[in-house]
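Notes follow the structure.
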Number of protein chains: 2
Amino acid sequence: MIIDRDSPIPQYFQLQTWLHEQIEQGVFKPGDRIPTEEELGQVVGLARATIRQAIQNLVNMGYLVRKRRLGTFVLEKVAAPSTQTIIGLLIPDIRRGYAPVLARGVQDEAAKNNHSLILCDTDDLYIKADFHADRMIENSVSGVIFVPTAVSDGQNQSIIDKFQRNKIPVVLVDRSLPTVDIDCVTSDNIKGAYDLTEYLIKRGHKRIGITLSTLINTERDRLEGYKKALRDHGIPIDEKLILTHSGPFNEGRYLKFVRTLLKAESKVTAVFAGHDSIALLFYSQAGKMGISIPDDISVVGYDDLDLPLISLTTIHQPIYEMGQESLKLIMTRIRGEVNSTQKIVLETYLVERSSVKSLNTSN
Amino acid sequence: MIIDRDSPIPQYFQLQTWLHEQIEQGVFKPGDRIPTEEELGQVVGLARATIRQAIQNLVNMGYLVRKRRLGTFVLEKVAAPSTQTIIGLLIPDIRRGYAPVLARGVQDEAAKNNHSLILCDTDDLYIKADFHADRMIENSVSGVIFVPTAVSDGQNQSIIDKFQRNKIPVVLVDRSLPTVDIDCVTSDNIKGAYDLTEYLIKRGHKRIGITLSTLINTERDRLEGYKKALRDHGIPIDEKLILTHSGPFNEGRYLKFVRTLLKAESKVTAVFAGHDSIALLFYSQAGKMGISIPDDISVVGYDDLDLPLISLTTIHQPIYEMGQESLKLIMTRIRGEVNSTQKIVLETYLVERSSVKSLNTSN
DNA sequence: TATGTCCATTTGTCTATACAATTATACGAA
DNA sequence: TTCGTATAATTGTATAGACAAATGGACATA
């Protein structure tokens with residue numbers, strides 16, 4: 001008999017122990033249904049409430065699940081999922097560009113999933129990214145959302161490796177690493193830049209300057225989209241109108257480029273600023289040089305930052321949504337729901353404002 | 001009555017929730033004995049088995065401990081000897097105003113102390129602040145830096161209480177609560193506004209409009225500084241030039257105020273914008289109305305946000321430093337180094353740019 | 001095929017009752 | 001004082017019975 005009614009050990013506990021043994025010994029295997037409370041009551045000769053007490057304890061201990069109308073089942077013994085519910089976000093600088101919006105998107109989605117967000121700024125420096133990565137691992141984050149630093153792919157790779165060695169899933173946002181097979185959420189910079197350039201071309205612009213950084217692949221993609229649009233419309237690419245720089249964003253450097261393009265000798269009728277912050281430099285320089293936008297020169301940007309006082313035609317990047325998507329993606333990884341690498345590319349769209357003048361007489 | 005027998009929510013769960021609340025709110029304090037099962041049964045009119053079910057769940061959750069013959073007691077909520085090195089930051093919205101700079105200040109200082117930063121946005125809503133507070137407590141943060149929400153002091157107080165019941169130190173930043181004796185880091189808004197107003201007066205301005213929110217005590221202080229400066233210089237206060245609103249920042253509302261002040265009838269020669277974001281509205285509206293700043297009207301702001309394209313005379317608030325100081329303060333609390341309440345007031349200074357015209361002929 | 005309805009089964013919630021086990025406290029005896 | 005013992009209070013264990021709620025599956029209907 002399973003239950004010894006004379007034992008000082010409570011009967012519910014005797015039953016609980018017996019059930020536990022059956023599970024541990026594989027008599028009841030994961031997925032199996034154990035007898036109903038009614039049946040157990042008959043077999044061991046105990047009241048249903050007593051049976052329930054034994055079963056409830058095993059449910060609390062994670063050995064069983066009850067399902068209404070179906071019965072009680074043995075659970076797959078899973079390693080207790082870490083009680084930590086923290087996601088790490090590694091971005092260049094919370095004060096710059098779209099970072100606050102991205103952080104907010106991640107955070108709102110994290111809140112929906114009952115996770116908190118640890119925020120770390122890398123300043124695009126490997127050493128800071130590495131430092132924060134260590135701290136995140138120490139604080140046992142469940143996953144990391146990483147905007148790769150504007151340094152070598154190898155260094156970014158080594159940050160990612162560090163997380164993966166600790167079995168922490170990583171999702172890249174905005175900037176991807178072509179050589180690394182890893183989940184990422186980006187937008188289609190080639191298409192966005194293509195659309196934007198085509199927009200200028202259709203308004204009669206032929207000499208279109210561009211200035212951006214070749215350090216980050218998002219901006220390299222924009223350059224590619226720009227060139228492709230020119231080629232497709234039979235406009236020769238003039239390398240003198242392409243002013244690039246391979247380092248991180250530096251205001252003084254770009255101010256030089258901006259001045260060069262604004263000078264009458266350049267004869268450009270429109271400029272493509274690699275991102276909205278550069279477009280802003282065009283506005284401030286043009287003001288100083290007595291040049292009017294868009295009357296004297298047209299300017300387009302990229303990002304659609306919330307810029308007061310100017311009305312810039314630009315490409316809207318769904319930054320907030322990228323934050324949300326990257327968090328959703330990391331949650332599926334944490335829950336172990338997917339295996340194959342996910343590459344999510346979000347749509348961008350052109351926002352027409354009034355920084356571009358149409359040169360078409362018919363228009 | 002505590003129990004609603006018509007509710008679809010199980011009665012044991014209603015009781016459990018109620019008990020949980022009593023504990024959270026400190027009605028039952030750690031060490032207290034709660035009523036016996038018998039007593040509870042009498043009070044709420046439930047069978048003892050039902051009472052037990054509620055209590056058992058709370059025991060499992062670690063809120064209560066039962067002792068035979070003695071009763072059931074509230075447990076000291078011992079945050080596992082926190083190896084956690086995380087600080088929580090509760091701010092209204094990381095995307096707005098100075099929030100990114102504050103967050104960065106906190107974070108850089110946290111990094112120096114080997115702590116990480118959990119970021120939570122409240123949107124100035126009590127319910128969100130409360131939600132994030134619970135999550136921070138769950139993640140056992142070592143301390144919290146809190147920008148009070150723009151709601152009633154009582155609600156802010158209840159957030160603070162929640163942390164303090166869990167022995168988590170709290171520091172207020174920017175906005176203080178006059179009725180609460182708690183560490184805080186602020187800047188002297190009365191003096192800043194006084195200096196700024198005096199600056200205008202010394203340049204010959206007598207009709208000075210002001211528009212701000214009276215919801216937050218920082219802005220109320222600025223209004224006070226403005227009035228004091230006028231009084232001290234023998235300029236009568238014209239209530240018609242004071243346009244206030246008692247709700248949270250709302251662009252439409254302030255645009256109306258801005259237009260009123262810009263109209264020629266108002267005859268103001270200068271306006272004091274409650275913060276830089278409002279100053280920005282003056283610029284955008286003035287542009288539309290063909291009014292030139294500072295030639296037709298002078299404008300000053302408050303905060304010294306990094307505003308591109310305009311050259312606004314404003315009061316610099318040491319936001320980054322406030323973030324740093326608040327973190328330093330919380331670290332001293334965590335290390336238990338101080339006992340008395342610390343009220344740190346940082347210096348502000350006037351940044352003279354070119355949004356103010358001098359009306360003095362001699363100048 | 002798709003959709004709605006009903007039924008039987010199983011767990012979920014709740015009551016009422018009884019006795020057992022534990023233990024702080026008081027009290028009495030050594 | 002010290003030790004043992006009785007007592008009362010409180011939680012622990014257990015029973016028996018009732019109705020509620022969810023739901024897979026069978027069956028009927030559109």
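Values reported hereafter were calculated over all heavy atoms of this structure, with side chains retained and with hydrogens, waters and symmetry mates removed.
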* Asked: Hey, does the side chain of B/Thr50 come within less than 4.0 Å of C/dT15's phosphate (OP1/OP2), counting only N and O?
  -> yes
* Find the distance A/Glu39:CD to C/dT9:C1' and express it as a whole number of Å. => 11 Å
* Asked: B/Glu38 near the nucleic acid: base, sugar-phosphate alone, or nothing, with a heavy-atom cut-off under 4.0 Å?
  -> nothing
* Structure fact -> A/Phe73 atom CZ is separated from C/dT11 atom C1', nearest whole Å, by 11 Å
* Asked: In whole Å, what is the span from the CD atom of A/Gln11 to the P atom of C/dC19?
  -> 16 Å
* Asked: If you walk 5' to 3' along DNA chain D, what is the first nucleotide with an atom under 4.0 Å of a heavy atom in chain B, and what is the last?
  -> D/dA8 to D/dT13
* Taking all non-hydrogen atoms of both residues, which atom of A/Ala111 and which atom of B/Phe131 are closest, and how far apart? -> O-CZ, 3.5 Å
* To do: Please work out if B/Tyr12 contacts a base, only the sugar-phosphate, or nothing of the nucleic acid, heavy-atom cut-off 4.0 Å.
  => sugar-phosphate
* To do: Round to a whole Å and report the spacing from CD of A/Gln53 to P of C/dG12.
  => 15 Å
* **Listed partners of A/Lys67 passing salt bridge (Lys or Arg N to Asp or Glu O under 4.0 Å), at least two apart** => none
* Asked: For A/Glu37, which contact category applies under a 4.0 Å heavy-atom criterion: base, sugar-phosphate, or nothing?
  -> sugar-phosphate
* To do: Applying salt bridge (Lys or Arg N to Asp or Glu O under 4.0 Å), name anything that partners B/Asp93, two or more places apart in sequence or on another chain.
  => A/Arg104, B/Arg95, B/Arg96
* Side chains of A/Asn57 and A/Gln16: is there a donor and an acceptor less than 3.5 Å apart? -> yes
* Structure fact -> Residues passing the side chain to side chain donor-acceptor pair (under 3.5 Å) test with A/Asp195, sequence neighbours excluded, are A/Lys191
* **Any residue meeting ring pair (Phe, Tyr, Trp, His ring centres under 6.0 Å) with B/Tyr126, in chain and number order, not counting sequence neighbours** => none
* Asked: Atom CD of B/Gln42 and atom P of C/dA16: how far apart are they, to the nearest Å?
  -> 12 Å
Distances under 3.5 Å only, N/O to N/O: pair up the protein atoms with those of nucleotides 22-27 of chain C.
unit_1	atom_1	unit_2	atom_2	d
C/dA24	N3	B/Arg69	NH1	3.4

* For A/Gln56 and C/dT13, what is the distance between atoms CD and P respectively, to the nearest whole Å? -> 9 Å
* Asked: What is the distance from CD of B/Gln16 to C1' of C/dT13, rounded to the nearest Å?
  -> 13 Å
* Indicate whether any N or O donor in one side chain lies under 3.5 Å from an N or O acceptor in the other, for A/Asp181 and A/Thr341. => yes
* Quickly work out the A/Arg48 CZ to C/dT15 C1' distance and round it to whole Å. => 14 Å
* Is the number of heavy atoms from other residues, nucleotides or ligands within 6.0 Å of CD (A/Gln164) greater than 12? -> yes
* Can you find a side-chain donor-acceptor pair between B/Asn60 and B/Gln56 that sits under 3.5 Å? -> yes
* Are OP1 or OP2 of C/dT10 and a side-chain N or O of A/Thr72 less than 4.0 angstrom apart? -> no
